[in-house]
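Order of appearance sets the numbers: ligands from 1, and atoms from 1 within every ligand.
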Amino acid sequence: MKIAMIGGGYVGLVSGACFAAFGTEVAVVESDPSRLQALRQGRIPIYEPGLTELVAEGVAKGHLSFGDDLRAAVTGADAVFIAVGTPTRRGDGHADLSYVYAAAEQVAKCLSGYTVIVTKSTVPVGTGRRIASIIQHVTPGADVDVASNPEFLREGSAIRDFMQPDRVVIGCTSPRARSVLGQLYSPLASRPDLVLYTGIETAELIKYAANSFLAMKVTFINEMADLCEKVGANVKEVAHAIGLDARIGPRFLQPGPGFGGSCFPKDTLALVRIAQEAGAPSRLVEAVVAVNDARKASMSARVIAACGGNVRGQTIAILGLTFKPDTDDMRDSPSIPIVARLVEDGATVRVFDPQGMEPARPLLPNGTVFAPTSEAALDGADALVLVTEWDMFRSIQPDALQTMMRGKVVVDLRNVFDPATMLAHGFAYHGIGVTAR
Ligand code: UGA
């Protein structure tokens, strides 16, 4: 089979490389010249474990190619995937669909023979129908079906998520399109119920509903963590106990500084707008957005309180900058407002992240000290603030901290360290929803 992937961003690259690994011929179309050049030279512009190798393998086998010639990619393709960005539109929280519609128009001009046009980008309900009408407007009578095939992969484990999905959702009613897409995913069809066929609007909504539900779960446990701190309970035990109930499940119950990244913040906001416009507002998701925004903004106050109420003149080591481990993605990361406030309040802020240093530079204020290692960040620091739970930080030993740091304050926004051990080593330990006794 042959497919075109419009957009060599995160979703396009990962899905393109994974389809190529199945033996599908994949032509990725990337319009940004510097990104395209990097891809052609085997340089992957994002950090995602295993992706560089998978791309190299696909290219070496002749299954994966990168180019800017949309016509060449679309000609003869069984399916064309639109995987361009859908950022939050400035001002109103809606997803900005201009790139999606522009891609649809361009594709419409290049069609030759029956083609399935598939949205892989996260798009609001109704976008598939709009794409179908754009195509018929540009090329009346075009022999196409439009489908929605949302992606559920997580940054940091994207390849595994693609290769071992919980489900594949294909939204379209045409049997012909279902057959093309079913065939594309057939190498994954270990279970007969893996692929769910739905209507196009349903598939579009499933994506927003899934992300909003997960964001709600995280927000819920964050609120429980705050409550635990007030009443002297332990959120880790609460999360473990409620997670054992199969109806709740154990995942996405890690409290933290609030969710970030390129998906949850954007998709919850978009769902709020979609629901408002449809006349079925989601008060729950509205609350999730508001509670999470407030949480991220309040994390610096938590650090300042732990440091005695005033950080002027103090040296604070920040470990972890990215919104989660195993990515270099800084989008909407909780570290950004924390560092900004601490620098503003007169602290010397030394930051270290294994992958996020370069993407973080333009986002953090002047005066932020970018330390080459975690040790350099910690050397002589008054306080340690752990923001992202990279594996390498888990192995930091309290006696090593004692030697490196000047002060005794540890603010662990991911509950990575053991409170009792920290306390035993004389640290003033501040976790999330746990009280060190
Ligand atoms: C999320 C979804 O999990 C994917 O299924 C989806 O495909 C993706 O968005 C997308 O729409 O493209 P991702 O943004 O990569 O994936 O990251 P997650 O692992 O979901 O984490 C999101 C945020 O929630 C992070 O800030 C993370 O630190 C936070 N989180 C997650 C917690 O605070 N606690 C948890 O227990 C889990």
So for ligand 1, is N211 a polar contact partner (N or O within less than 3.5 Å, distance only)?
yes
Suppose I only count heavy atoms of L253 and a 4.0 Å limit; which atoms of ligand 1 are within that range?
36 (O)
Considering only non-hydrogen protein atoms, determine which one is nearest to atom 18 (P) of ligand 1 and report residue, atom name and distance to 0.1 Å.
K324 NZ, 3.6 Å
Output yes when a side-chain donor or acceptor of N149 lies under 3.5 Å from a complementary backbone atom of V169, and no otherwise.
yes
Between F152 and ligand 1, is there a nitrogen or oxygen pair with a distance under 3.5 Å?
yes
Atoms of ligand 1 less than 4.0 Å from V218 heavy atoms?
30 (N), 31 (C), 32 (C), 33 (O), 34 (N), 35 (C), 37 (C)
Residue, atom and distance of the protein heavy atom nearest atom 26 (O) of ligand 1 read G260 N, 2.9 Å
Of all the non-hydrogen atoms in the protein, which one sits nearest to atom 37 (C) of ligand 1, and at what distance?
F252 CD2, 3.3 Å
Checking T122 side chain against Y208 main chain: does a donor-acceptor pair fall under 3.5 Å?
no
For D145, is there an ion pair with R178 - N to carboxylate O distance below 4.0 angstrom?
no
For ligand 1, find out whether one of its N or O atoms is nearer than 3.5 Å to an N or O atom of L153.
yes
Of all the non-hydrogen atoms in the protein, which one sits nearest to atom 25 (C) of ligand 1, and at what distance?
F323 CD1, 3.6 Å
N-O pairing of E344 and R341 below 4.0 Å:
no
Nearest non-hydrogen contact to atom 24 (O) of ligand 1 from the set F259, F162, Y10 belongs to F259
Ligand-side contact atoms (ligand 1) for residue partner R414, heavy atom cut-off under 4.0 Å
28 (O), 33 (O)
Centre-to-centre under 6.0 Å for F19 and F81, is that the case here?
yes
K207 N/O under 3.5 Å from ligand 1 N/O:
yes
Please write down residue, atom name and distance for the protein heavy atom closest to atom 34 (N) of ligand 1.
Q254 O, 2.7 Å
Any Lys/Arg nitrogen of E277 or R273 sitting under 4.0 Å from an Asp/Glu carboxylate oxygen of the other?
no
N/O of L214 under 3.5 Å from N/O of ligand 1, yes or no?
no
Which of the listed options, P250, S333, C263, holds the heavy atom that is closest to atom 9 (O) of ligand 1?
C263
Which of the ligand 1 atoms, numbered from 1, are nearer than 4.0 Å to a heavy atom of E155:
15 (O)
Does any N or O in the side chain of E48 come within less than 3.5 Å of the main-chain N or O of G156, such that one atom is a donor and the other an acceptor?
yes
May I ask you to identify the nearest protein heavy atom to atom 3 (O) of ligand 1, giving residue, atom name and distance to one decimal place in Å?
R154 CG, 3.2 Å
Where does the angle between the aromatic ring planes of F393 and F352 fall among parallel (under 30°), tilted (30 to 60°) and perpendicular (over 60°)?
perpendicular
Main-chain N/O of I248 paired with K217 side-chain donor or acceptor, under 3.5 Å:
yes
Assess whether atom CZ of F152 is packed by more than 12 heavy atoms of other residues, nucleotides or ligands within 6.0 Å.
yes
How far is atom 1 (C) of ligand 1 from its nearest protein heavy atom, and which residue and atom name does that atom have?
F264 CE1, 3.4 Å
For the residue pair K324 and T388, what are the closest heavy atoms and their distance?
C-CG2, 3.3 Å
